[in-house]
Amino acid sequence: MKNLAITNIRLFNGKMDSVILPKATILIEWCGKGKNGEILDGKISQIGQMDKIPIPKDYKIVDLNGKFVIPGLINVHCHFTANGEPMTAMQGSERKMKILQWFLRSKLGKRYVKKQMRTNIQAALNSGVTTIRNAGDPEYYDIEVKKEIDAGKIAGPRIVCAGRSICVTGGHGGVISHIIDGPWEGRKAVRDCLRHESDVIKILSTGGVTDSKKIGEAGRPQMTTEEIAAICDEAHRAGVKVMTHCESTVGIREALLGGVDSIEHGAPITDDLINLFKNNPKSLNGYTTLVSTISAAQDIVALGAEVLKVTDIIQQNGKIILEGMIEGLHTAVKHDIPMAMGTDAAVPFVPHYEFWRELVYYQHFAGISNKRAINIATEQNAKLLGVDEVTGTLEVGKSADFVVYDGNPLEDLMVLEKPVHVVYRGNLIKNPSYKKIKEIEKYDSKRFFSILKKEKQ
Ligand SMILES: [Zn+2]
């Protein structure tokens with residue numbers, strides 16, 4: 001009996017105009033396998049007030065005794081290859097980068113990377129993340145892992161993959177990306193991604209923090225508007241969105257004019273750009289979404305270069321980017337620019353199991369309500385990924401993706417750290433667990449909590 005009746009719960013369906021339903025039931029219909037043997041998502045067949053939903057005989061009853069349920073969380077920006085452990089892999093000489101690249105492409109490298117990916121995906125899932133977008137990784141290994149999951153070979157969440165990202169010669173992310181110079185090379189790289197079934201195109205249009213060698217390099221415009229526009233046109237012709245790593249105001253302007261669908265990380269947003277976000281005729285859906293990733297820069301600033309095993313230059317660039325990102329997020333909140341949320345899990349001190357922190361940061365730094373933070377992390381994130389008809393809110397006909405907590409996340413977002421159960425694609429994880437990374441845990445008291453305390457004083 002695989003049909004499930006999750007009952008006696010306090011339910012928040014994820015929508016901004018709804019409140020907690022105090023005594024609710026969710027019926028999950030097991031849908032089995034599809035024509036090609038692929039696993040079909042278990043669907044919500046009924047949802048609502050407990051006393052109005054009789055439980056059919058062939059449903060297994062799970063009485064949750066008043067626990068809280070919200071939609072499964074969606075992390076729209078991570079990289080499966082790395083787990084957030086402090087490491088120096090992306091820093092160093094050209095020769096070191098060449099060796100790293102050679103390893104990543106080797107048989108052994110492929111096996112190693114795919115193993116890491118499976119572990120990191122499981123950690124995310126067990127922390128309550130039921131849908132993940134991978135924002136660029138070596139080769140197209142992420143797509144291979146996604147296919148293993150969808151075919152039912154291994155259990156896993158819903159995944160949206162970029163495959164190999166795209167950057168310019170000498171640009172940020174060069175080790176794992178297609179290198180392009182000129183619009184036609186950009187189009188060719190997009191075509192290669194589409195051939196490998198990338199769900200989204202990831203470009204890096206400005207410099208970044210993690211491989212910067214000069215102050216101010218993060219955010220320096222690298223890809224030209226002409227190149228970005230060609231890439232967007234090619235992707236949009238196939239109905240595929242483009243996300244760009246972008247960390248400066250100049251970079252945001254060029255990317256918006258090029259037609260990108262999301263700005264990842266962010267920077268201060270000037271008045272002339274507000275309307276271009278909200279009404280961007282060159283983007284796929286007519287607007288561009290801002291995806292801040294506060295987690296990615298927060299700990300570099302809080303813990304310092306030595307702990308994170310990065311250079312002082314990287315730390316200083318991290319500080320500049322963090323301040324700009326928060327300023328941009330404030331503008332987005334004030335002017336109702338479409339927003340989504342990711343962590344950039346993989347960069348030092350951002351493990352895949354801590355997406356919940358990003359909601360706390362959004363609430364804290366951008367001054368939004370807990371409800372809005374949850375709504376962005378679920379319904380809005382689903383919209384950006386184009387999976388909002390399947391997940392993001394809890395409604396009849398959607399995939400059963402939700403998380404169960406002891407406390408009320410609408411009152412306290414810290415509750416999100418410890419899910420009691422996770423339900424993904426109709427499957428119940430009774431005792432979710434994952435291995436925490438020791439190197440990160442060592443500094444836990446100095447991270448985050450001390451910062452929030454300082455801010456409050
Ligand atoms: Zn990233």
Side-chain angles (χ1 to χ4, degrees), residues 74-87 89-91 104 113 116-117 120-121 124 129 132-143 159-168 171-178 193 198-212 217-220 222-223 241-248 251-252 255 260-267 289-300 308 310 314 317-318 321-322 324-325 328-329 340-352 354-355 357-358 361 381 384-385:
I74 301 175
N75 190 350
V76 303
H77 192 128
C78 44
H79 305 272
F80 295 152
T81 305
N83 63 4
E85 221 161 356
M87 57 158 185
M90 298 297 271
Q91 309 156 47
L104 291 172
V113 169
Q116 293 292 318
M117 287 180 158
N120 293 332
I121 290 168
V129 176
I132 315 176
R133 182 170 68 170
N134 200 43
D137 262 320
E139 305 306 306
Y140 293 98
Y141 301 153
D142 54 344
I143 296 174
I159 293 175
V160 174
C161 284
R164 235 173 128 180
S165 44
I166 304 172
C167 74
V168 297
H172 176 50
V175 177
I176 57 165
S177 304
H178 287 284
C193 289
S198 293
D199 302 305
V200 59
I201 301 298
K202 165 71 184 294
I203 63 173
L204 300 106
S205 58
T206 76
V209 173
T210 47
D211 52 7
S212 58
E217 190 181 324
R220 182 175 75 75
Q222 292 184 341
M223 209 173 263
K241 285 185 177 175
V242 177
M243 60 190 291
T244 185
H245 164 102
C246 187
E247 296 182 334
S248 64
I252 292 178
V260 300
D261 302 286
S262 64
I263 298 285
E264 310 282 319
H265 312 304
T289 302
L290 177 70
V291 180
S292 301
T293 58
I294 297 172
S295 302
Q298 175 62 50
D299 281 334
I300 299 186
L308 267 83
V310 298
I314 290 179
N317 279 330
I321 297 308
L322 178 65
M325 196 191 292
L329 187 60
M341 191 189 283
T343 59
D344 213 357
V347 304
F349 275 74
V350 188
H352 290 262
E354 286 189 345
F355 177 63
R357 280 177 190 258
E358 194 68 28
Y361 290 145
N381 276 1
L384 173 64
L385 269 47

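For ligands, and for the atoms within them, numbers begin at 1 and follow the listed sequence. Side chains included, hydrogens not; waters and symmetry mates left out as well; all remaining heavy atoms used.
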Which atom of Gly163 lies closest to which atom of Tyr140, heavy atoms considered: CA-CD2, 3.6 Å

Minimum heavy-atom distance Ser248-Thr206, with the two atoms named: OG-CG2, 4.2 Å

Side-chain donor-acceptor pair present, His79, Asp344, cut-off under 3.5 Å: yes

Closer than 2.8 Å to the Zn ion (ligand 1) - protein N, O or S atoms, ordered by chain and residue number: His77 NE2, His79 NE2, Asp344 OD1

Separation of Thr81 OG1 from Leu104 CG (nearest 0.5 Å): 7.5 Å

Point-to-point distance, once rounded to the nearest 0.5 Å, from CD of Glu85 to CD of Gln116: 8.5 Å

Identified side-chain hydrogen bond (donor to acceptor under 3.5 Å, both in side chains) counterpart of His77 within the set Glu358, His245, Glu264: Glu264

